[in-house]
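One structure is given here, and the rest of the page talks about it.
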Protein chains: 2
Amino acid sequence: MLALVVPIAKRPKEDVTVKLIAVFKQLIAEGTLEPGGRLPAERELAESFGVSRSSLRQALKVLEIMGVISQRVGDGTYLNKGADAILREPMEFLILLDGISFHELMEARLLVEPELAARAALRASEEDIAEIGRELRAMEAAKDDHARFVTHDLLFHQAIFHAAGNRVTSLMFSVIHKSLEKLITITSQVVEPDHTLTLHRRIYQAIRKRDQEESRRRTTEHLVDARDLLTRAAEKQSHFAMAARIQTLNKKAPRPAR
Amino acid sequence: MLALVVPIAKRPKEDVTVKLIAVFKQLIAEGTLEPGGRLPAERELAESFGVSRSSLRQALKVLEIMGVISQRVGDGTYLNKGADAILREPMEFLILLDGISFHELMEARLLVEPELAARAALRASEEDIAEIGRELRAMEAAKDDHARFVTHDLLFHQAIFHAAGNRVTSLMFSVIHKSLEKLITITSQVVEPDHTLTLHRRIYQAIRKRDQEESRRRTTEHLVDARDLLTRAAEKQSHFAMAARIQTLNKKAPRPAR
DNA sequence: GGGAAAAATTGGTTGTACCATTCCACAAGG
DNA sequence: CCTTGTGGAATGGTACAACCAATTTTTCCC
């Protein structure tokens, strides 16, 4: 378990908010705050720390968006247990700011997932393999429901991650899957489900046979195929993105600069 | 370039803050806000959106912590260009909340970096290889300065990531490096620099020879070695973490629950 | 023209007030 | 005794207003 968390201090005057976040990090690290546990009320916390509620709320909001805590009106603030969603928002902004394409996301999968599959072939428990098989059958059962089909497609891959036994890579690539899910769903509507199923089945069987090399090869085979399909779909569907609209809070748009 | 960013809307009543974040995401996605550009003043923005400055500041603070924007008093708020640091804070909390060990972080490197080295051997430009070589020489020149030595050690690996040509993996694993840097620095004090240098030199030469298989093997060799060293160091140094102290804002500690 | 002082701008912080939701205890009714 | 419901307390969400500190811009004097 890590603990070298708090960088002691920064000389340049930090925000109260930034300090508060560091404090919470520390409290979590030293176990004062337990996952699932309830935090004191905002008003109490603010007084304890000697800061205003506004500043405290800024820190809490950051933690909430990162998925560290959950806040519920009328109830309280709780420290989350796992943090599956913790990388989601940041990843989306990363994709935006660095202009990362779908193609590049698929390339990342292509770099890593074959190795994870090989590792899964080596390390998977019987239960792990059973889980991968269940997702495969769930895909078969959802042939006609694109959304569900894709969901189980991704869960199939994530089951392989789990079997590979490394949570870091597992969490990172689950986030990538999430970012790709919409486009994959669109693409799946023009691809024969049996085609996808065949490729997945080969991966499953390779892992079940504990054949690392074939697991790697079959995963590569599948992802190359998927990458090419997605890339083509992304080109055609790029206008789709433009159609996406958000609910704005006000008619007036902000002036970007001056 | 991605754009399928905004999930349209969520039916359950969202925070104003959450909505604001979505709005900014949209503004960035559609190019209304340009990297490096200046945002309107908080007071103007708040009025434009029809929200209070408090709520707006919560949203901005989230974006700032994630590295999307930078705020400077007396100056203004600017949209960052790249977002290298965007995953750092979240990653630290991820490590904390999920109780991820140094060992597991090194396992993640071990899973991915050999493949990245192989890809680098395949794709690296002459300039990429020169950069890797420069970092290697910088390591040699910093034999006696542990901190600098480790910095260039990590930059060496990141140069390989860059040469591999995938920014997603590059960014992700740079974050992991950052998390490991302190411990690696500690470890480096008990390891002969020439030992480390030899292992790095082998990787460099393999990439320069464009030998994918050897690049992979040499990287694995190095990381296995490093993993074992780090794991042992982490056990011995675990008390080090306990010595870490943070600057608290007030004497009173918050009551964790009730 | 140059430079220093003053004013305006901007993010940072605090405090207060009020709302909507949720929870909980206690009383009324069966 | 158990169920029901009702009102009050606690809690997070939002809005305003005021002031501070750092920075930039403008003004004014030499």
Side-chain angles (χ1 to χ4, degrees), chain A residues 10-24 33 37-80 247-250 252 254-258, chain B residues 10-24 33 37-80 247-250 252 254-258:
Chain A
K10 316 288 196 297
R11 17 264 153 267
K13 48 257 160 179
E14 292 178 313
D15 287 13
V16 171
T17 304
V18 174
K19 288 183 192 166
L20 284 173
I21 292 175
V23 170
F24 280 114
L33 296 179
R38 186 171 186 272
L39 277 68
E42 291 185 349
R43 292 163 179 85
E44 292 180 40
L45 271 178
E47 196 192 357
S48 297
F49 288 128
V51 301
S52 70
R53 200 181 150 209
S54 323
S55 298
L56 175 71
R57 274 184 61 74
Q58 287 183 33
L60 290 178
K61 189 51 81 177
V62 171
L63 296 181
E64 199 198 15
I65 299 293
M66 291 202 303
V68 177
I69 62 174
S70 295
Q71 296 190 290
R72 285 189 296 277
V73 292
D75 187 354
T77 303
Y78 298 86
L79 185 60
N80 287 341
Q247 138 188 24
T248 49
L249 293 164
N250 203 309
K252 285 183 280 187
R255 295 180 298 116
R258 66 172 179 184
Chain B
K10 318 285 196 298
R11 17 262 155 270
K13 50 255 158 184
E14 290 177 313
D15 287 12
V16 170
T17 304
V18 173
K19 288 183 193 167
L20 284 173
I21 292 174
V23 169
F24 280 113
L33 296 178
R38 186 171 186 271
L39 276 67
E42 291 187 349
R43 292 163 179 84
E44 292 179 40
L45 270 179
E47 196 191 359
S48 296
F49 288 127
V51 302
S52 70
R53 202 180 149 208
S54 330
S55 298
L56 175 70
R57 274 184 61 73
Q58 287 183 37
L60 290 178
K61 189 51 80 175
V62 171
L63 297 181
E64 197 198 18
I65 299 293
M66 291 203 303
V68 177
I69 62 175
S70 295
Q71 296 190 291
R72 284 189 296 276
V73 292
D75 187 356
T77 303
Y78 297 85
L79 185 62
N80 287 340
Q247 141 188 21
T248 49
L249 293 165
N250 202 311
K252 287 182 279 187
R255 296 178 299 118
R258 66 171 177 186

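Convention: sequence-line order gives letters A, B, ...; per-chain numbering from 1. The structure displayed is predicted, hence computed values, not measured ones. Side chains are part of it too, since the values below use all heavy atoms of this structure and drop only hydrogens, waters and symmetry mates.
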| field | Atom-to-atom span, CG of B/Leu20 to P of D/dT14 - whole angstrom | value | 9 Å
| request: Taking only Lys NZ, Arg NE, NH1 and NH2, and the carboxylate oxygens of Asp or Glu, determine whether A/Arg53 and A/Glu42 approach each other closer than 4.0 Å. | output: yes
| note | Sorted by chain and number, sequence neighbours left out, side chain to side chain donor-acceptor pair (under 3.5 Å) with B/Ser55 holds for B/Ser52
| field | Between P of C/dG11 and CG of B/Leu39, the distance in whole Å | value | 9 Å
Polar atoms only, N or O, under 3.5 Å: list the protein pairs with nucleotides 12-14 of chain C and their distances.
unit_1, atom_1, unit_2, atom_2, d
C/dG12, OP2, B/Arg57, NH1, 2.7
C/dG12, OP2, B/Arg57, NH2, 3.3
C/dG12, OP2, B/Gln71, OE1, 3.3
C/dG12, N7, B/Arg53, NH2, 2.7
C/dG12, O6, B/Arg53, NH1, 3.0
C/dT13, OP1, A/Val16, N, 2.6
C/dT14, OP2, A/Ser52, N, 3.1
C/dT14, OP2, A/Ser52, OG, 3.1
C/dT14, OP2, A/Ser55, OG, 3.0

| query | What residues form a salt bridge (Lys or Arg N to Asp or Glu O under 4.0 Å) with A/Glu64, not counting sequence neighbours? | reply | A/Lys61
| query | How would you list, by chain and number, every residue that makes a side chain to side chain donor-acceptor pair (under 3.5 Å) with B/Thr77, sequence neighbours excluded? | reply | B/Gln71
| request: Provide, to the nearest angstrom, the distance between the CD atom belonging to A/Glu47 and the P atom belonging to D/dT11. | output: 13 Å
| field | Residues in side chain to side chain donor-acceptor pair (under 3.5 Å) contact with B/Arg72, at least two apart in sequence or another chain | value | B/Asp75
